[in-house]
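Just below is one structure, and these are the notes that go with it.
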Amino acid sequence: MAPLVLNSALIGVTSAPYWTFSTSRLAETGLSPVTATWCWATIGLAGLLGGLAGRAAGRAGLRTVNLATWTLAAAGIALLALPDPGVPLALLSGALFGVTYMALTGLCILWAARLDPERPARAITWSFAGLGVGQTVASPLAGVLAGGLGSAAVFGLTALVALTAWSQLHPRFGPP
């Protein structure tokens, strides 16, 4: 159960800065509030595609799809670390964030169900508790870091944290 909860906490840690500060970051780069609104719409629309992660996991394996999704999540977050992402890259960032957030949370549900097939709700509850803890800790931390380092650095560091999911390559730490 610990690797699943850690994975979920990592989702929380890496998503909180995006949920909390992406609009501010876009404004810092000179993009309009209308562009920020379109980026949020893109998060939602692309999130619908995240539902396909379960089917992909059935074909390629949960571990493979989880790691590929984490890699795309890191890329989407990193785009907001660029000095001037412009509208196309801001929209791509939103799309990658939306699809990967939904995919990662869905993959956690699959992982939880595999861990405890008799009582999947127990493992899912632990997973989402980890997600909540990660988000709760990361939002104020990201705010403090943004005040000292700037929000671009926060998004760059958050993307690097997302890449720590690659530690799940070791069978002991990753999904079955």
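Just the heavy atoms: all of them, side chains too, but no hydrogens, waters or symmetry mates, feed the values below. The chain is numbered in sequence order, starting from 1.
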Smallest heavy-atom separation, T20 atom then S139 atom, equals OG1-OG, 3.3 Å
Flag, side chain of T71 to backbone of L67, donor-acceptor distance under 3.5 Å: yes
Same cluster (ILVMFWY, side-chain, under 4.5 Å), V13 and L107: no
Might you point out which heavy atoms bring L4 and A123 nearest each other, and give the distance in Å? CD2-O, 3.9 Å
With a 4.5 Å cut-off on side-chain heavy-atom distances among I, L, V, M, F, W and Y, is there a chain of contacts connecting L52 to V99? yes
Taken to the nearest 0.5 Å, the spacing of L96 CG from T42 OG1 works out to 11.0 Å
Results of salt bridge (Lys or Arg N to Asp or Glu O under 4.0 Å) for R122 - residues two or more places apart only: D116
Tell me which pairs pass salt bridge (charged side-chain N to carboxylate O under 4.0 Å, His left out) where either residue lies in residues 76-99, with sequence neighbours left out. none
Any chance you could measure L131, atom CG, to W126, atom CH2, to the nearest 0.5 Å? 14.5 Å
So does S127 get a backbone contact from the side chain of S8, meaning a donor-acceptor N/O pair under 3.5 Å? yes
Once rounded to the nearest 0.5 Å, what's the spacing between atom OG1 of T125 and atom CZ of R119? 10.5 Å
Between the side chains of W111 and N66, does any donor sit under 3.5 Å from an acceptor? no
How would you list, by chain and number, every residue that makes a ring pair (Phe, Tyr, Trp, His ring centres under 6.0 Å) with Y101, sequence neighbours excluded? W19, F97
Smallest heavy-atom separation, S15 atom then Q135 atom, equals OG-NE2, 3.0 Å
Sidechain-backbone polar pair: T35 side chain, L31 backbone, donor-acceptor under 3.5 Å: no
For residues 123-140, which residue pairs pass the salt bridge (charged side-chain N to carboxylate O under 4.0 Å, His left out) check, not counting sequence neighbours? none
Between the main-chain N or O of G76 and the side-chain N or O of S93, is there a donor-acceptor pair closer than 3.5 Å? yes
Residues forming a side-chain hydrogen bond (donor to acceptor under 3.5 Å, both in side chains) with W40, sequence neighbours excluded: T23
Below 4.5 Å, heavy atoms only, C-beta onward: do L82 and L79 meet side chain to side chain? yes
Note: N7 and C108 closest approach over all heavy atoms is ND2-SG, 3.3 Å
Test item: T14 and W70 side chains (from C-beta on) under 4.5 Å apart, heavy atoms: yes
Could you state whether V65 and L115 fall into the same hydrophobic cluster, counting links through intermediate Ile, Leu, Val, Met, Phe, Trp or Tyr residues with side-chain heavy atoms under 4.5 angstrom apart? yes
For the student: nearest non-hydrogen atoms of L26 and C39, plus distance: CD1-SG, 3.8 Å
Walk me through it: do Y18 and I43 pass the test side chain to side chain contact (heavy atoms under 4.5 Å, CB included)? CA-CA 11 Å; Y18 206 100; I43 291 170; 3.7 Å; yes
T69-T100 side chain donor-acceptor pair, cut-off 3.5 Å: no
For a quick test of your reading: what N or O donor-acceptor pairs under 3.5 Å do the side chains of residues 148-163 make, sequence neighbours left out?
| residue | atom | partner | partner atom | Å |
| --- | --- | --- | --- | --- |
| S151 | OG | E28 | OE1 | 2.4 |
| S151 | OG | E28 | OE2 | 3.1 |
| T158 | OG1 | V154 | O | 2.7 |

Under a 4.5 Å side-chain heavy-atom rule over Ile, Leu, Val, Met, Phe, Trp and Tyr, are L104 and L62 clustered together? no
Locate the shortest heavy-atom distance separating F128 from I109; write the atom from each residue and the value. CE1-CG1, 3.7 Å
With a 4.5 Å cut-off on side-chain heavy atoms, are P85 and T29 touching? yes
Hphob cluster co-occupancy, I77 + L91, side-chain heavy atoms under 4.5 angstrom: yes
